[in-house]
Structure formats: structure tokens, C-alpha cells
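Shown next, in C-alpha cells, is the structure this report addresses.
For ligands, and for the atoms within them, numbers begin at 1 and follow the listed sequence.
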Amino acid sequence: MKLFGKLFKMSVCVAIGASATYAGADDGSNLWLKPLPSVVKTAEQTSTAAKTAEIIQAELKNFTKVRQVQIVLDTAEAKAHENDSFTISGNSQKITITAKNEIGALYGVYHLLRLQDTGFSFADTFTIKETPACKYRMLNHWDNMNGTIERGYAGNSIWKWNELPGTISPRYEQYARANASIGINSVVLNNVNADRRMLATDTLNKVKVIAGVLRPYGIRVFLSVNFSSPRTVGGLRTADPLDPQVIAWWKSKVDEIYKLIPDFGGFLVKANSEGQSGPCDYGRTHADGANVMADALKPHGGVVIWRAFVYARKEVERIQQALLEFKALEGKFHDNVVVQAKNGPLDFQPCEPFHPLFGKIDNIPLGMEFQITQEYLGQSNHMAYLAPLWKEVLDSDTYQYGPGSTVAKRIKQASMIAGVANIGDDVNWCRHPFAQANWYAFGRLAWNPDLKSEDIAKEWLKQTFSSDPKFVDPVADMMMSSVPAIRNYMMPLGLQHIFASTLGNHYGPGPWLYQSVYNADKNGVGPDRTTSGTGAVKQYNAPLDEQFNKLDTCPERYWLWFHRIAWTEKVHGVTFWEYLCSRFEEGARTAATYPEIWKKMQKYVDKERYELVLGRLQLQAREAVWWKDACILFYQSCNGLPIPNGITKPIYDLNKLKRVSFPNNVHFCPSPDSVNRALDNALIK
Ligand code: BDP
């Protein structure tokens with residue numbers, strides 16, 4: 001084996017130096033990484049590969065376990081690697097990272113650092129081979145050009161359009177580094193509710209600068225585009241995708257983009273959805289709309305990611321519409337189109353069954369859209385570790401081709417998995433220190449959906465805070481319990497969309513606002529989606545359809561997703577009303593333990609993050625009681641039943657809770673102070 005290949009200079013003898021430790025305060029800006037030892041900047045003209053090589057060298061200074069690390073790129077073995085994959089082999093004397101190209105080697109270096117920082121023993125000879133499951137491991141930013149972020153809860157956008165192209169924020173590179181360290185290689189810069197100015201030439205010149213910073217980290221830039229751009233940007237009289245002028249316009253716009261950004265990834269499109277224009281405005285199909293862009297992108301190697309989040313029809317219930325729409329279009333999309341579906345058929349609720357598209361469509365590549373930003377999970381005030389929620393979906397068996405047809409397998413075929421980013425310009429990027437874990441976990445699962453949530457949590461904790469098992473074990477347990485707890489205190493047993501959403505911000509309970517949809521009354525609660533109701537169960541393959549259709553075989557977490565349940569129905573030996581109340585209680589009790597668990601962790605955590613987390617966990621515990629009281633009191637006002645034994649007496653007044661409100665704003669998470677004040681005012685006096 002030829003040891004020193006193309007990058008032989010990168011066979012670095014690593015100086016044994018001091019590794020970074022927490023010195024009192026930590027603002028969280030380094031995320032799970034150690035600060036990057038300074039890089040000697042090469043001249044502007046240097047190739048991307050040379051810049052990546054420089055980054056590799058700098059990063060390796062943080063590796064102190066083994067004196068010699070070498071990178072091998074041009075042997076037959078290296079060439080046999082797929083893009084992005086790598087092998088790390090070695091022992092306590094020498095480590096070799098083999099990859100096809102510099103980006104694969106960079107991923108190998110980050111993996112090596114992760115091994116070091118999570119306590120891997122380098123004593124024995126070892127070989128590790130890693131290959132990503134998906135080609136596109138993507139973050140979707142819902143960032144607007146005016147700096148706001150739709151559903152962003154950590155400040156404003158990191159993209160500073162007003163400063164670009166002249167001023168390049170150092171955070172662009174830090175962001176690229178964080179993504180590369182977890183294998184994220186694709187980034188959509190702007191909101192799916194896309195600003196038409198995004199495709200204007202002066203904006204594209206700014207995008208070019210961002211793409212240049214991200215490129216050495218293996219990241220390709222994509223843009224969300226507005227379907228009516230041929231009209232609004234191009235000045236045409238129509239955006240009809242079959243119009244020859246429109247076809248020509250997309251082609252010339254795409255050619256312009258690739259002149260500026262030769263590795264441009266492609267377009268993400270939200271069309272005919274929530275007021276956005278689309279091909280249906282012209283009597284055309286989603287396939288017609290996607291194909292006109294796909295054809296323009298194809299010669300350059302770009303792709304179209306077309307969202308399946310459509311629900312404009314009035315005659316069918318919302319959650320069934322996407323399948324009806326897209327089933328009719330099988331085989332009609334060109335081969336560089338991926339249809340991207342949210343994990344569930346409604347909208348990123350705390351608990352949804354997997355989207356039926358994943359089990360019913362044969363002939364359209366389907367990508368996954370998860371939501372990393374916690375729109376419906378306490379925003380940046382609650383700790384919600386999302387990996388278990390995502391895993392539940394990825395591991396779901398759709399039975400499409402018999403048992404074992406998991407959603408993860410489906411995603412691997414389309415080779416695309418996206419997450420709506422939770423990143424803003426806050427110093428610590430995500431506001432809640434534990435929200436960083438979701439960015440981290442998303443990247444790790446996009447690379448390998450078979451990883452275990454708990455292992456990812458521990459990896460993240462060790463790199464971010466401390467490797468001491470007395471810290472890692474209880475805090476990982478707390479993280480693992482967080483989504484089940486939130487489901488319980490907010491929307492147990494498959495309840496959905498009972499947020500104060502008419503206020504726009506999706507924050508806090510508002511079950512009284514949804515009476516037309518879920519219609520809690522004196523008899524029961526929940527929508528009937530069985531074969532005697534809307535029939536949504538039929539969108540799942542056997543045996544799931546039958547299972548979901550009957551309450552006694554339906555998984556408990558989907559009871560109120562599929563069933564209307566009488567308050568008096570007997571479940572687990574009690575009435576449904578008693579059981580539902582016990583779920584809210586359980587959630588609130590679990591949340592109440594979080595501040596206490598965290599207080600025991602003080603000695604492992606720097607003061608700054610310790611206090612920030614403690615304050616947030618105290619608020620979460622308080623809000624869990626808010627949710628529990630609001631929901632129990634409201635449903636009690638429907639059914640007139642007594643609050644069951646064993647349920648903590650409500651401390652809030654229902655009428656006062658109905659008046660709690662925060663600004664109607666999609667760019668905003670209420671501050672802990674404002675929530676505390678609102679709740680103080682709602683106490684039973
Ligand atoms: C909903 C959000 C809305 C998004 C929409 C989407 O409330 O802000 O624009 O999804 O995904 O969850 O397009």
C-alpha cells in the first residue's frame with residue numbers, strides 16, 4: 001500500500017498539546033467542537049481541495065491521542081471509496097485515513113476527533129469504515145431576506161444579505177465547519193415561502209460568496225424558489241410551466257446561476273401550498289411544475305426538491321390530500337426530482353404516524369423533511385431531544401414490499417434527508433443549549449439512520465459538556481425521556497394541533513380553538529379516521545390499516561389520531577377520561593424532575609450554560625403544568641366529569657388561561673420572563 005499519496009504533506013506528526021477544557025464560562029458558540037486551531041490562510045486563488053487540506057491539517061492539531069496520522073487519497077483502495085466515505089485504521093502508533101477525495105478525508109478527520117472526544121480506546125489495532133446512507137444530507141433554512149426566520153427561535157438569520165457580498169461574517173465558516181463535522185453536505189439558504197428577490201442577479205452574487213465559504217467543507221448550496229419567478233423576476237406575463245418563454249427563462253436563469261456557482265445543488269419548491277403560487281394555478285400538475293425546473297438543472301447536475309406539503313382541496317380532510325395528489329403523478333417526474341414529504345401527514349406535531357406517501361408511492365423518489373426547529377415542541381424554551389421522534393419514523397415499517405419495508409430504506413433510495421434548521425445568530429446558535437443536540441443528532445442520523453438515539457445523545461454530551469459517566473448517564477436519560485414527556489403534557493395519546501395557533505406563534509395550549517376539527521364534547525374527543533369515519537387508516541398498507549382501525553390494536557400513541565374515543569370507554573382498567581388525565585399528569589411530573597436532575601450536574605458544567613439550562617428547565621416544568629391544567633380543565637368543561645383521583649389539583653384558572661396570548665408572530669419565541677408573567681396572572685387567586 002502506498003502510504004503517502006497526493007496529500008502526503010498531510011501526514012502530520014501531531015504535537016501533543018493541551019486539549020481544550022472548560023475554563024469557567026462557556027458561551028456555547030463552539031457547539032460540540034473544540035476551537036479550530038488557527039489555519040494558515042492560503043492565497044485566494046488556491047483550489048478548493050487545497051483549502052480542504054488546510055482545514056484537515058488544522059483540525060488534526062486537536063487530535064492528541066496518536067502521534068502520527070496520515071491521509072491517503074490516491075491508492076487503488078482510496079479510489080474504490082464512494083464519495084464521502086472513508087476508512088480509519090491504525091493503532092496507538094499510527095492512524096491512516098483513506099478516502100477517495102479531500103472531503104471524504106475531512107469526514108474521516110471529524111470522525112477521528114469524535115472517537116477521541118467520546119473515549120474511544122486507540123490501544124488495539126482497529127479499522128472503521130463509514131459510508132453515508134444518503135447523498136443529500138440537508139439543512140433547510142426558513143430564513144427570510146430581511147433577516148427574520150420563519151419558526152426561528154434563536155435570533156435572526158446568520159445570512160447577512162445587507163452586508164454581502166463585501167463583508168463575510170466569520171460565522172459562515174464556523175457554521176460550515178459544524179455541519180461538516182456531522183456530515184451535512186447540502187444547505188438551502190432561504191425560506192420555502194420564498195422571496196422572489198432570491199433569484200435576482202445581485203442576490204445570486206451574494207449567494208456565490210456564501211457558496212465559496214461553504215465549499216471547502218463539502219457543502220453545496222441550494223435555494224428555495226418562488227414558482228412565479230418567471231413573472232416576478234423575469235417580467236413574463238405567465239409562469240405556466242409549459243409556456244415556451246417560461247421554459248427558456250428557467251433555463252437561462254439556471255445557466256446564470258451555474259456560471260456563478262458551478263456546484264450549485266438545485267431548487268427547493270413549495271408550490272400551491274399555503275398561498276404560494278404553483279403549476280395548478282395554470283391547470284398544470286406538480287410534475288409539470290417540477291419538470292420545467294428539473295430540465296433546466298439537469299445538464300449541470302442539479303436537482304429539484306418538490307415539497308409534498310399540499311392541502312388546498314376542500315372535499316377531503318387535510319391529512320389525506322398529499323397521497324391523493326401525488327399517487328396520480330407516479331412516473332411523471334423527471335429523474336432529477338425528489339419529492340420531499342414531512343415525517344407525518346399533518347405538520348410536525350409532537351406525535352404523528354409516518355406520512356402515508358412513504359408506504360404507498362412506488363415510482364417517485366421520496367425524501368424526508370424533519371423539523372429540527374421546535375415549532376410545536378416548546379420552541380427554544382423546552383428541552384426536547386428529537387432523535388427518538390425521528391427514529392420512530394425512520395424505523396416504521398410501511399409493509400409496502402412486505403415486512404421490513406422501513407421508511408429509512410425508502411429515504412436511502414431517494415438519497416435525501418432534510419431538516420428544517422434551528423439555527424440563528426444567537427451566540428450559541430440555537431438559544432437553548434440542548435437544542436444544539438438536535439442539530440447534531442440530525443446530522444448523525446442523516447449520515448447513518450441506524451444509529452441509536454441514546455448513543456447520539458451520549459456522544460453529544462461528552463463532546464459538549466463532560467465525559468464523566470455521572471454526568472452523561474443521567475443527562476442522557478433526561479434527554480431520552482423528553483419527547484415522551486412533552487407528548488404527555490401537551491398532546492397525549494395522539495392528540496394533535498391544539499396549540500394556540502390562531503395566534504400564529506404556535507405557543508402554549510389552545511384546545512378550545514379547535515372545536516370544529518376535533519370537536520370535544522360531552523361524549524368524547526378525537527377525529528374519527530377509521531373506516532367508519534374519514535377512512536384515513538386506508539392510506540396505510542395491511543396489516544397497519546387494520547391495526548390502526550381498531551382501538552385495541554392501535555398503538556396507544558395514535559389513539560386520538562385515528563379514533564374518536566368516548567370519555568367513558570374502558571382502557572387499562574379505568575375510563576378513558578381518567579387515563580387521559582393521568583397522561584397529562586405523568587408528563588408534568590416528569591418535567592418537574594428536570595430542574596432537580598440538572599441541579600445535581602452543576603459541578604460538571606460551566607456556570608453560564610448551567611444557569612441558562614436551569615432557567616429553561618424550570619420554565620419547562622412550569623409550562624407542563626400550564627398545558628396539563630389548560631387541557632384537563634377545558635375537556636372537563638366539555639364532559640362535566642370530576643377531575644380523577646391522583647391528578648394534582650389545577651393551579652390555573654381556565655378563563656384566565658384562555659386570555660394568555662403572545663404576539664401573533666411566526667418569527668418569535670416568547671421570552672421566559674413574558675411567559676412567567678402571563679402565567680402568574682392566570683393563577684387561581
Ligand atoms: C408549518 C409552519 C409554516 C411553514 C409551513 C411549511 O407553521 O410556517 O411555512 O409549515 O412547512 O409548519 O411550509
Output yes when Asp425 and Lys160 qualify as a salt bridge under the 4.0 Å nitrogen-oxygen rule, no when they do not.
->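 A salt bridge is present here (some side-chain N lies under 4.0 Å from a carboxylate O).
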Scan for salt bridge (charged side-chain N to carboxylate O under 4.0 Å, His left out) pairs involving residues 364-388, sequence neighbours excluded, and state none if there are none.
->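 Every salt bridge (charged side-chain N to carboxylate O under 4.0 Å, His left out) pair that includes a residue of residues 364-388, provided the two are not neighbours, is Arg151-Glu375, Arg307-Glu369.
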Looking at the rings of Trp559 and Phe548, which for Trp means the six-membered one, are their centres under 6.0 Å apart?
-> no
Determine whether the side chains of Trp439 and Asn179 contain a donor N or O and an acceptor N or O closer than 3.5 Å.
->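 Judged by distance alone, the side chains do pair up.
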Take Glu325 and Lys360 through the test salt bridge (charged side-chain N to carboxylate O under 4.0 Å, His left out) and record every step on the way to the result.
-> CA-CA 12 Å; Glu325 194 83 47; Lys360 286 287 191 193; over 6 Å; no
Hey, does Phe326 have a side-chain heavy atom less than 4.5 Å from the side chain of His286?
->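 Yes. Closest side-chain heavy atoms under 4.5 Å.
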How would you list, by chain and number, the residues with a heavy atom under 4.0 angstrom from ligand 1?
->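 For ligand 1, the residues that come within the 4.0 Å heavy-atom cutoff are Trp142, Glu150, Arg151, Val192, Asn193, Lys270, Glu274, Arg307, Phe309, Lys342, Asp347, Glu375, Tyr376, His506.
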